[in-house]
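Here is the structure we will look at, set down as structure tokens.
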Amino acid sequence: MTNAAAAALPGPRKGRAVNEELRGMAVAAVLREGLNMAAAARRFGLGETTLRRWVKQFRERGHVRPGRQGGSASRIEPERGRILRILAERPELSMTGLRDALAAEGVTLHEATVQRFLKRNGLDRKSRLAARKRGRGNGR
């Protein structure tokens, strides 16, 4: 790629992942062409600190592939048994009601966390109440 073509490249939008090809070109501009970090960052529309991190990663690991994103440890999964017990005792509980019941037992979680857990496990209120009705109709 020529310098003119590289200079014409729009930089990535702030906060967005940058593909491996652009990362490689920017790192090569520093390591092969001898550009300083600031000049190479300007050329590719990148932050200087970001480029510095990629150069360091390349020197340490030999590649500039992006690492795994997100994936923090779940705070709700260890409470699965408690949640199932509460829902078995009180299947009519809403998501907010469940969150409040958990809080009463010392487990503080955001509503969205509880909602995602219920959805992921097919435990939304409508499904629980339908299952309860089906259970009554079967002589239980």
Side-chain angles (χ1 to χ4, degrees):
M1 175 176 286
T2 66
N3 285 347
L9 288 175
R13 291 192 358 228
K14 187 173 178 106
R16 300 288 182 193
V18 177
N19 68 38
E20 192 174 342
E21 183 181 5
L22 181 58
R23 289 171 180 236
M25 289 187 307
V27 169
V30 172
L31 298 179
R32 290 189 190 140
E33 295 176 35
L35 252 57
N36 66 40
M37 294 287 181
R42 273 192 309 276
R43 178 192 287 183
F44 293 98
L46 301 167
E48 190 176 338
T49 303
T50 299
L51 181 53
R52 191 174 308 281
R53 187 174 62 245
W54 293 343
V55 169
K56 179 181 178 199
Q57 176 186 340
F58 182 80
R59 287 179 173 150
E60 291 174 353
R61 301 181 197 163
H63 66 79
V64 290
R65 289 187 300 274
R68 187 167 175 253
Q69 298 269 315
S72 62
S74 172
R75 291 186 51 225
I76 197 167
E77 287 301 327
E79 304 301 332
R80 173 182 285 280
R82 185 187 312 248
I83 292 169
L84 295 177
R85 176 185 49 79
I86 291 170
L87 292 176
E89 293 169 359
R90 299 169 50 196
E92 74 287 348
L93 273 180
S94 66
M95 182 271 308
T96 304
L98 175 59
R99 186 206 58 198
D100 293 345
L102 288 166
E105 294 189 15
V107 179
T108 307
L109 298 164
H110 192 276
E111 283 183 21
T113 303
V114 176
Q115 186 174 25
R116 283 190 307 270
F117 174 87
L118 292 174
K119 184 177 180 181
R120 187 170 56 244
N121 291 283
L123 296 171
D124 60 302
R125 186 174 187 214
K126 191 174 178 180
S127 298
R128 286 183 278 123
L129 292 177
R132 187 176 183 196
K133 271 187 177 178
R134 284 190 307 270
R136 282 187 190 157
N138 293 336
R140 290 183 194 173

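Here the structure is a predicted model, which is why all the values come from computation and not from measurement.
Leu51 and Met37 get closest at one heavy-atom pair: CD2-O, 3.7 Å. Of all heavy-atom pairs between Ala29 and Ala40, the closest is CB-CB, 4.2 Å. Residues Arg75 and Glu79 come closest through the heavy atom pair O-CG, 3.9 Å.
Note: Lys126 NZ to Leu118 CG = 15.0 Å, rounded to the nearest 0.5 Å. Within the model, atoms NZ of Lys56 and CZ of Arg61 stand 9.0 Å from one another, a figure rounded to the nearest 0.5 Å. Within the model, atoms OG of Ser74 and CZ of Arg116 stand 9.0 Å from one another, a figure rounded to the nearest 0.5 Å. To the nearest 0.5 angstrom, Met95 atom CE is 12.5 Å from Lys119 atom NZ.
Heavy atoms from other residues, nucleotides or ligands lying under 6.0 Å from NE2 of His110 number 12 at most.
Checking side-chain atoms of Gln57 against main-chain N and O of Pro66 turns up no donor-acceptor pair under 3.5 Å.
Val114 pairs with exactly one of Ile76, Val107, Ile83 by the side chain to side chain contact (heavy atoms under 4.5 Å, CB included) rule, that one being Ile76. The only option from Leu35, Val18, Leu22 that meets the side chain to side chain contact (heavy atoms under 4.5 Å, CB included) definition with Phe44 turns out to be Leu22.
Listed by chain and residue number, Arg80, Leu123 satisfy the side-chain contact (heavy atoms from CB on, under 4.5 Å) test with Leu84 (two or more places apart in sequence, or in another chain). Qualifying side-chain contact (heavy atoms from CB on, under 4.5 Å) partners for Arg53, counting only residues two or more places apart in sequence or in other chains: Thr50.
Within the structure, every pair that satisfies the side chain to side chain donor-acceptor pair (under 3.5 Å) test and touches residues 85-101, not counting sequence neighbours, is listed here: Arg85-Glu105, Arg99-Glu111.
Residues Leu46 and Trp54 have side chains in contact (heavy-atom distance under 4.5 Å, counting atoms from C-beta outward).
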